[in-house]
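Below is one structure, written out as structure tokens; comments come after it.
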Amino acid sequence: MRILPVGLTGWLVEAETGDAAAALYAYLRERSLPQVADLVPGARSVLLDSAGLTEAALREALSGFSPDVAPDFFGEAVEIPVRYDGEDLDDVARWAGCSPAEVTALHTGSDLRVAFCGFSPGFAYLTGVPERLHVPRLSRPRTAVDAGSVAVAGGYTAVYPRRSPGGWRILGHTSVRLWDERRTPPALLTPGTRVRFVAAS
Amino acid sequence: MIHVLRPGLLSTIQDLGRTGLASLAVPRSGAADRDALRLGNRLVGNPEELAGIETTVLGADFRFDSACWVAVTGALCGVRVDGRPSHVDRPVFVPADGVLSLGAALDGVRSYLAVAGGIAVEPVLGSRSTDTLSGLGPPRLAVGDLLPLGTAFGVPAEVDWTPRSRAPAAVRLLLGPRDDWIDLTALGDYVVTSASDRVGVRLRGPALARTRTEEIPSEGMLPGAVQVPPDGQPVIMLADHPTTGGYPVVGVVHPADLGLVAQARPGAVLRFELSRRSRS
């Protein structure tokens with residue numbers, strides 16, 4: 001693993017794969033290193049927002065890490081019921097060369113996991129999407145996408161936690177509340193969480 | 001209570017922001033010039049992290065129900081109490097029903113109003129800061145808003161350390177994590193553009209070319225990160241920056257210089273002074 005300096009006191013640890021990055025994040029969370037104010041998982045990395053953690057101490061902490069150990073940390077899968085009535089369902093079906101019903105079957109048949117959060121609070125990038133559903137973002141993003149919109153783009157799938165602009169292709173909608181500022185944690189889908197989508201009638 | 005009489009261009013409530021939630025894509029937010037807010041709080045006898053008001057370029061006017069100590073810090077501006085000229089960087093007494101005016105910024109972008117007891121609106125996820133990117137926290141101030149105050153802590157400080165070297169010629173840039181993705185030989189003077197905001201200071205100058213063409217997988221960023229988008233014009237991330245980004249971060253501005261960056265007006269020239277942190 002490569003360790004790169006970030007600013008005065010932060011570190012970026014690179015992992016070989018997305019799965020290894022997720023395992024590394026889980027490992028570092030469980031270690032709860034002193035002087036680390038925050039851990040930010042990325043697609044292939046974990047950022048340590050630290051105040052004075054030395055490289056030697058970080059290397060020492062990482063010496064016990066193995067990317068092959070699947071952490072229990074990820075827990076049970078969260079099931080999210082979805083109405084597959086999205087604006088872009090037919091487009092995605094054309095892209096995948098199949099019917100909308102088959103898109104739904106591919107999407108609900110996938111074991112997904114939150115790789116990292118980004119873009120806006122509670123927006124979780126889910127990995128484990130079948131390759132046929134790896135579609136590009138819209139060339140012209142929408143100025144407003146409703147909370148609860150379930151979408152795919154760039155090899156990931158996600159649920160928009162709040163109303164926001166967005167360029168992902170919308171497959172459907174859920175009424176599950178992804179983001180609640182009064183809840184701890186406020187996001188339903190935190191890094192590492194396993195997810196399964198279920199077709200709602 | 002404080003009544004907002006004139007909110008100016010963009011006035012927001014800011015403290016030192018939200019921490020510990022970056023893994024959920026919650027930006028840190030908080031005062032863009034953190035040292036200025038801290039100074040204001042010390043001057044009125046507050047803990048440094050209490051919420052104050054950040055104005056942008058055009059200042060703002062407020063009326064106070066009760067007598068109160070305040071301090072104006074950050075961008076230099078004309079301060080008036082009931083029309084009479086007063087001071088920046090010092091405790092200022094506002095009588096009951098008094099009107100406090102912060103004039104247009106004379107040498108920076110953002111002035112800070114610290115009030116004894118702090119602005120006591122309801123916190124969201126541990127902070128009272130308005131996050132202009134994500135919409136978390138209280139809305140930007142509008143005419144007629146009423147802001148509750150906390151209980152004053154004690155006597156204001158008579159003097160404090162008030163740095164005012166506002167010529168941000170050289171900004172220290174700590175290289176990494178992705179300095180090997182960018183050819184830095186073209187690096188020169190950069191002009192702050194008017195497209196800058198609380199999310200980032202957008203620069204215009206010599207374009208920085210990529211040495212590697214592949215996409216960078218999204219990765220975490222810290223405040224002060226200097227991101228190089230495809231057009232090669234660097235962006236310095238400020239308080240409301242997104243927690244992750246997909247363009248290479250060539251370096252991070254030294255935290256002690258970030259206030260200067262936040263106060264750099266459109267047209268100001270920045271020059272990066274490169275350094276590599278020792279890896280002991």
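The sequence lines fix the lettering, A, B, ..., with proteins before strands; numbering per chain opens at 1.
- With a threshold of 4.5 angstrom between heavy atoms, Thr9(A) approaches chain B through N, CA, C or O but not through any side-chain atom.
- The local environment of CD in Gln35(A) is crowded, with over 12 non-hydrogen atoms from other residues, nucleotides or ligands closer than 6.0 Å.
- Listed options Leu136(B), Val26(B), Val124(B) were ranked by heavy-atom pairs under 4.5 angstrom with chain A; first place goes to Leu136(B).
- The two residues Gly220(B) and Leu47(A) make their nearest non-hydrogen contact at C-CD2, 3.5 Å.
- For Tyr125(A), no part lies near chain B; criterion is any non-hydrogen pair under 4.5 Å.
- Minimum interatomic distance between Gly122(A) and Ala25(B) (heavy atoms only, all atoms of both residues): N-CB, 4.3 Å.
- Proximity to chain B is limited to the side chain of Arg2(A), based on heavy atoms less than 4.5 angstrom apart.
- Under a cut-off of 6.0 angstrom, the local environment of CZ in Arg140(A) is sparse, with at most 12 non-hydrogen atoms contributed by other residues, nucleotides or ligands.
- The environment of CZ in Arg34(B) is crowded: more than 12 heavy-atom neighbours from other residues, nucleotides or ligands sit within 6.0 Å.
- Atom CZ of Arg212(B) has more than 12 neighbouring heavy atoms from other residues, nucleotides or ligands inside a 6.0 Å radius.
- Taking a cutoff of 4.0 Å between a charged side-chain nitrogen and a carboxylate oxygen, Arg178(B) and Glu14(A) qualify as a salt bridge.
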(request) Evaluate the side chain to side chain contact (heavy atoms under 4.5 Å, CB included) criterion for residues Ser23(B) and Phe116(A): first the C-alpha distance (whole Å), next the side-chain angles of each, then the deciding distance (0.1 Å), finally the verdict. (result) CA-CA 7 Å; Ser23(B) 61; Phe116(A) 64 100; over 6 Å; no
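- The backbone N or O of Gly7(A) lies less than 3.5 Å from a partner atom in the side chain of Arg277(B), making a donor-acceptor pair.
- Rounding to the nearest 0.5 Å gives a distance of 8.5 Å between CG of Leu125(B) and OG1 of Thr184(A).
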(request) Test Asp49(A) against Arg28(B) for salt bridge (charged side-chain N to carboxylate O under 4.0 Å, His left out), laying out the working first. (result) CA-CA 12 Å; Asp49(A) 183 359; Arg28(B) 186 178 300 185; 2.7 Å; yes
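- Ranked by heavy-atom pairs under 4.5 Å with chain B, the first of Ala21(A), Cys117(A), Ser45(A), Gly42(A) is Cys117(A).
- At a 4.5 Å heavy-atom cutoff, the contact between Leu12(A) and chain B is made by side-chain atoms alone.
- Using a 4.5 Å cut-off between heavy atoms, Ala187(A) touches chain B through backbone and side chain atoms alike.
- Enclosure of atom OH in Tyr247(B) is not indicated, since only 12 or fewer non-hydrogen atoms of other residues, nucleotides or ligands lie within 6.0 angstrom.
- At a 4.5 Å heavy-atom cutoff, the contact between Thr244(B) and chain A is made by side-chain atoms alone.
- Heavy atoms closer than 4.5 Å to chain A are found in the side chain of Pro27(B), but not in its backbone.
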(request) Report the C-alpha separation of Ser134(B) and Arg162(A) in whole Å, then their side-chain angles, then the decisive distance to 0.1 Å, and conclude whether the side chain to side chain contact (heavy atoms under 4.5 Å, CB included) test is met. (result) CA-CA 10 Å; Ser134(B) 74; Arg162(A) 306 149 81 232; 4.1 Å; yes
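- Taking each heavy atom of Leu24(B) and Pro191(A) in turn, the nearest pair found is CD2-CD, 4.0 Å.
- Counted within 6.0 Å of CD on Glu214(B), heavy atoms from surrounding residues, nucleotides or ligands total more than 12; the atom is thus considered enclosed.
- The shortest non-hydrogen separation linking Leu174(B) to Leu8(A) is CD1-N, 3.5 Å.
- In plain terms, the two heavy atoms of Thr19(B) and Asp38(A) that are nearest each other are C-OD2, 4.5 Å.
- No more than 12 heavy-atom neighbours from other residues, nucleotides or ligands sit within 6.0 angstrom of CD on Glu16(A).
- In this structure, the portion of Pro255(B) lying under 4.5 Å from any heavy atom of chain A is its side chain and not its backbone.
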